[in-house]
**Q** 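Structure incoming, see below.
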Amino acid sequence: MTSPSLVWFRDDLRLADNPALRAAADRDEPVIGVYVLDEASPGVRPLGGAARWWLHHSLSELDERLREKGSVLVLRRGAASDVLPALVGETGAGAVFWNRRYGGPEREIDAGIKDGLRGDGVEVASFAGSLLYEPWTVRTGAGTPYGVFTPFWNACRQLPAPRAPLPEPRELRGPGRHPASDDLAEWELLPTSPDWAGGLRERWEPGERAAKARLREFLADDAADYDRARDEPAAGATSLLSPRLRWGEISPYEVWHAAVSSDAQVGGFLSELGWREFAWHTLFHFPDLATKNLRSAFDAFPWPRLRPTMLRAWQHGETGIPLVDAGMRELWTTAFMHNRVRMVVASFLVKNLLIDWRHGEEWFWDTLVDADAANNPFNWQWVAGSGADAAPYFRIFNPELQAKKFDPDGRYVREWAPDATARPPIVDLAASRKAALAAYDAVKRA
């Protein structure tokens with residue numbers, strides 16, 4: 001009698017270089033893919049609107065590709081600790097495989113499911129599929145997590161090179177009887193009232209096939225200019241791989257090996273993969289990254305009472321600061337923003353408007369297609385000065401100087417906020433900088 005293998009997909013919505021899927025295929029039993037929309041487990045952060053849009057389309061393609069291989073994708077909604085054991089019982093599965101997650105609540109959920117299923121005699125195994133280096137393998141000489149990027153990345157590079165990517169299975173055995181599955185449309189992941197996703201549809205094509213195509217295109221056409229032009233928002237030199245990596249439509253191993261095998265100079269690009277690793281390693285050791293200052297001294301920062309009108313002006317790109325408004329409108333339209341501009345708009349919110357970084361992090365969580373549990377709060381804390389390897393609080397990005405340096409001909413601003421100069425600035429940059437430095441004195445004294 002056959003005992004199917006369940007492959008629990010999470011942020012790894014791909015067939016190639018998927019160790020969990022490979023383990024199931026090697027077991028030579030029917031393979032059933034499953035995705036659980038878990039909005040019920042304690043501590044699991046609900047997805048933002050842009051993320052839900054991406055997830056819908058990526059799951060649709062994953063289902064299509066699994067069917068092409070002979071398998072099936074089962075969609076279920078609820079607490080994973082209830083859904084997975086129930087599905088094992090329904091299907092008579094003899095094994096469950098997944099690729100590891102690194103957030104605190106997610107690790108607790110996975111450990112509980114693993115213990116419970118193993119106690120019932122089910123084979124369970126988890127694999128490294130989302131990071132180049134497991135967080136417990138990179139430590140300082142004192143055995144502590146790294147708090148500064150350069151020594152962290154140097155330590156990573158001293159380890160064995162990342163493993164080679166695994167090929168996707170040529171075929172999969174499907175179950176004799178397909179388990180019941182939710183209808184993806186009934187999850188209502190797509191916006192309807194109103195439908196604000198027109199710019200996303202125009203900008204993005206989610207799915208593994210598009211991710212691979214974008215990687216090839218970047219390495220062939222853009223990687224040579226990456227180190228020189230990556231800070232220029234109008235140059236188009238960025239990889240646009242961040243949402244692909246966030247959803248695991250392509251693995252960091254695939255990106256790494258494709259990059260080092262290319263003819264381009266990719267040192268700067270690989271260091272960005274390293275920064276992604278650094279963020280996830282930090283989250284592994286500090287699970288409250290989205291809500292708690294990594295540097296406890298910042299708990300003393302005297303945030304003034306929130307001014308909702310200021311926050312809304314920032315969110316809607318109506319600050320009267322051209323580069324800030326251009327970035328926030330690009331975000332609202334496409335669910336993406338150039339990385340240099342992300343730093344500028346974040347610095348403006350935290351240091352010129354004196355609005356707690358957590359408000360900005362929440363807005364990005366809801367509006368970015370690439371916001372994940374590690375990089376989003378990690379980068380906000382970096383800009384705020386409260387996180388790992390943080391930019392000092394007194395380092396305040398001047399958006400006017402940043403525009404002159406990185407958008408000197410105004411192409412980016414004209415594209416996204418051509419009317420920005422017609423609006424008076426909501427804050428004086430020089431005066432607000434002085435106020436921010438004065439407030440920082442409370443942190444220095446803490």
**Q** Where do Glu168 and Lys69 land on the salt bridge (Lys or Arg N to Asp or Glu O under 4.0 Å) test, with the steps shown first?
**A** CA-CA 10 Å; Glu168 68 179 51; Lys69 297 290 184 178; 2.8 Å; yes

**Q** Look at Arg27 together with Glu123 and state whether they make a salt bridge at an N to O cut-off of under 4.0 Å.
**A**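 Result for this pair is yes, salt bridge flagged.
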
**Q** Let me see the working for Arg67 and Glu171 under salt bridge (Lys or Arg N to Asp or Glu O under 4.0 Å), right down to the final yes or no.
**A** CA-CA 10 Å; Arg67 290 178 184 274; Glu171 61 179 2; over 6 Å; no

**Q** One thing to verify: whether Asp222 and Arg214 come together as a salt bridge, which I'm taking to mean a side-chain N less than 4.0 angstrom from a carboxylate O.
**A**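 Looking at Arg214 and Asp222, the cut-off is met.
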
**Q** Assess, by modelled atom type and distance only, whether the side chains of Trp247 and Asp370 contain a donor and an acceptor separated by less than 3.5 Å.
**A**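 Side-chain D/A pair, Trp247 to Asp370: absent.
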
**Q** Any side-chain donor-acceptor pair under 3.5 Å between Asp110 and Trp8?
**A**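 Result is no, nothing qualifies.
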
**Q** Does a donor on one side chain and an acceptor on the other come within less than 3.5 Å for Ser130 and Asn99?
**A**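 Asn99 and Ser130 do not have a side-chain donor-acceptor pair below 3.5 Å.
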
**Q** Yes or no on salt bridge (Lys or Arg N to Asp or Glu O under 4.0 Å) for Arg230 and Glu272, after CA distance, side-chain angles and deciding distance?
**A** CA-CA 11 Å; Arg230 64 176 176 173; Glu272 293 300 313; 3.1 Å; yes

**Q** Does Arg157 make a cation-pi contact with Tyr133, if we ask for NZ or CZ under 6.0 Å from the ring centre and within 45° of the axis?
**A**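 Judged by the rule, Arg157 and Tyr133 form no cation-pi pair.
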
**Q** Quick one: do Asp12 and Arg101 make a salt bridge, cutoff under 4.0 Å?
**A**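 A salt bridge is absent here (no side-chain N lies under 4.0 Å from a carboxylate O).
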
**Q** Quick one: do the Gln381 and Ser386 side chains pair a donor with an acceptor below 3.5 Å?
**A**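 Present: a donor and an acceptor within the cut-off.
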
**Q** Under a 3.5 Å cutoff, is there a donor and acceptor pairing between the side chains of Ser41 and Asp38?
**A**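 Asp38 and Ser41 do have a side-chain donor-acceptor pair below 3.5 Å.
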
